[in-house]
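Only one structure is covered here, and it is reproduced in the block below.
Chain naming here is simple, since letters A, B, ... match the order of the sequence lines and numbering starts at 1 in each. Because only heavy atoms are used, hydrogens play no part in the values below, and waters and symmetry mates are left out as well, while side chains stay in.
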There are 2 protein chains.
Amino acid sequence: MTQNNIKESYDEKFRQITGTGKELFFKYGIKRVTIEEICREAGVSKMTFYKHFNNKIDLVKRIIDLLVSENLTSYRELMERIDITFEEKVRLTIQMKLEGTSEIGDTFYDDYLVKSDPELASYIQIKSGSVFKEVLKDYIEAQERGDIRKDIKPEFILFFLNHIFELAKNEKLLKLYMHPWEVIMELVNFFFYGIMSRK
Amino acid sequence: MTQNNIKESYDEKFRQITGTGKELFFKYGIKRVTIEEICREAGVSKMTFYKHFNNKIDLVKRIIDLLVSENLTSYRELMERIDITFEEKVRLTIQMKLEGTSEIGDTFYDDYLVKSDPELASYIQIKSGSVFKEVLKDYIEAQERGDIRKDIKPEFILFFLNHIFELAKNEKLLKLYMHPWEVIMELVNFFFYGIMSRK
DNA sequence: GTATATTTGTACGAAAAACGTATAATTAAT
DNA sequence: ATTAATTATACGTTTTTCGTACAAATATAC
């Protein structure tokens with residue numbers, strides 16, 4: 001029980017920094033946010049920042065770590081449920097993405113600074129890869145069980161899944177529907193059933 | 001007709017710069033956007049920028065000028081219509097604001113740089129004041145015509161109108177309704193009829 | 001109380017970014 | 001050929017941001 005409150009205070013600062021860092025990065029992009037700004041907003045001195053992180057890129061990596069682990073946790077919880085079908089699990093996975101729990105790719109991978117920093121880019125690559133592998137495993141299992149038709153590559157499914165939201169932003173597509181979420185629905189249904197009417 | 005195309009090219013650059021400047025300022029705020037970035041995005045050299053503008057603040061002022069004049073034009077067009085009642089005109093004015101035609105106050109006045117630069121702040125004050133005066137004049141006339149009840153200060157009306165959107169962002173208010181636009185509708189109806197049931 | 005761990009504020013030099021200007025070359029219309 | 005405008009490059013200056021050092025302050029443990 002020794003030094004318990006001290007450690008808590010230490011972790012609290014860590015959370016404050018990663019929290020406001022995430023917020024500001026999402027809003028303005030990594031490049032436009034300064035360390036001093038993060039400290040100011042987080043109510044933390046600059047020295048404390050450097051106690052926890054080497055530099056801005058280091059902070060970004062820690063934030064990515066947090067996001068990935070949070071995502072994986074809720075993804076696993078979802079996949080372990082036994083009260084819903086596989087199809088419903090996939091639909092919920094998409095909904096999770098929609099609600100913004102998994103912003104890693106969208107926010108960080110498109111960022112200018114990320115693109116110009118090859119080391120950071122590969123870090124994200126590797127992290128994303130680990131998630132990719134886990135999801136892929138689930139899909140291969142689902143295929144073996146017969147939840148997915150056998151004559152399709154699981155990698156193709158993941159690829160399509162990851163690009164649904166980019167497709168949904170396509171202007172020509174958006175014009176065909178009243179609301180943006182209708183486009184998503186259409187794409188998701190297309191994803192499950194193709195163009196054939198259900199028997 | 002001499003030097004016509006040259007002038008057009010000149011104006012074209014002006015429009016490109018103000019256009020992308022407006023876009024970037026709206027997205028990230030004035031402080032976070034650099035002149036070089038604007039030039040890059042606008043496809044214009046830095047020298048050309050300085051042919052047209054003295055510095056970033058100068059560009060901001062020109063953008064405000066454009067916004068104000070655009071707003072006034074469409075406002076006047078609206079008020080000159082004879083096919084709709086005064087109430088409908090006011091409702092359309094609010095809708096105009098909603099659709100983002102009049103972003104001057106919301107985007108520029110809240111900006112950090114604007115706040116820290118007293119000269120720019122007063123410039124916006126004066127510009128807003130000129131719009132305010134014109135609208136106020138219309139409302140006094142409407143009051144004389146009997147479109148608005150006599151025992152209310154026209155200045156109060158304008159004040160409330162300018163604060164509707166801030167009110168609509170209030171979290172406690174938002175929780176009471178399903179959609180954000182419902183809050184606006186409620187506020188607008190409250191604005192017209194108070195709490196009394198219509199006879 | 002004292003000792004220990006952490007945070008803070010200030011100040012500072014170094015590095016990087018952005019600013020604003022000068023100059024010569026380029027483009028395009030007259 | 002002339003004129004006006006734009007561009008590319010380079011450059012010195014100013015401003016911002018970075019990362020660190022050190023002393024003071026805060027809070028907990030013993």
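A straight line from NZ of A/K31 to C1' of D/dT16 spans 12 Å, rounded to a whole angstrom. Between the CZ atom of A/R40 and the P atom of D/dC18 there is a distance of 11 Å, rounded to whole Å. Between the CZ atom of A/F14 and the C1' atom of C/dT6 there is a distance of 16 Å, given to the nearest Å. Taking atom CZ on A/F49 and atom P on C/dT8, their separation rounds to 14 Å, with Å as the unit. Whole-Å rounding puts the A/L59 CG to D/dG19 C1' distance at 15 Å. As a whole-Å value, the separation of B/D58 CG from C/dC19 P is 14 Å. One interatomic measurement links the two molecules: CD1 of A/I35 to C1' of C/dA17, which rounds to 15 Å at whole-angstrom precision. Atom OH in A/Y50 sits roughly 16 Å away from atom P in C/dG9 (whole-Å rounding).
For residues 72-83 of chain A, the pairs satisfying salt bridge (Lys or Arg N to Asp or Glu O under 4.0 Å) are A/R76-A/E134, A/R81-A/D83, with sequence neighbours left out.
In terms of the side-chain hydrogen bond (donor to acceptor under 3.5 Å, both in side chains) criterion, A/Y139 has no residue partners (sequence neighbours excluded). Residues that satisfy the side chain to side chain contact (heavy atoms under 4.5 Å, CB included) test with A/E88, not counting sequence neighbours, are A/I84, A/T85. Contacts of A/K89 classified as salt bridge (Lys or Arg N to Asp or Glu O under 4.0 Å), with partners at least two apart in sequence or in another chain: none. Among residues two or more places apart in sequence or in another chain, the salt bridge (Lys or Arg N to Asp or Glu O under 4.0 Å) test is passed with A/E37 by B/R32. Listed by chain and number, the residues in a side chain to side chain contact (heavy atoms under 4.5 Å, CB included) with A/K46 are A/E36, A/C39, A/Y50 (sequence neighbours excluded).
The end-to-end axis angle of the helix from C/dG1-D/dC30 to C/dT30-D/dA1, rounded to 10 degrees and based on five pairs per end, is 30°.
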Does the protein touch nucleotides 7-15 of chain D at the base, only the backbone, or not at all? Give it as B, S and - per nucleotide, heavy atoms under 4.0 Å. BB-------
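As a member of the Ile/Leu/Val/Met/Phe/Trp/Tyr network built from side-chain separations under 4.5 Å, B/I126 groups with nothing else and remains a singleton.
Within 6.0 Å of NZ in A/K133 there are 12 or fewer heavy atoms belonging to other residues, nucleotides or ligands.
A salt bridge is absent between B/K61 and B/D65; no separation between the charged side-chain nitrogens and carboxylate oxygens falls under 4.0 Å.
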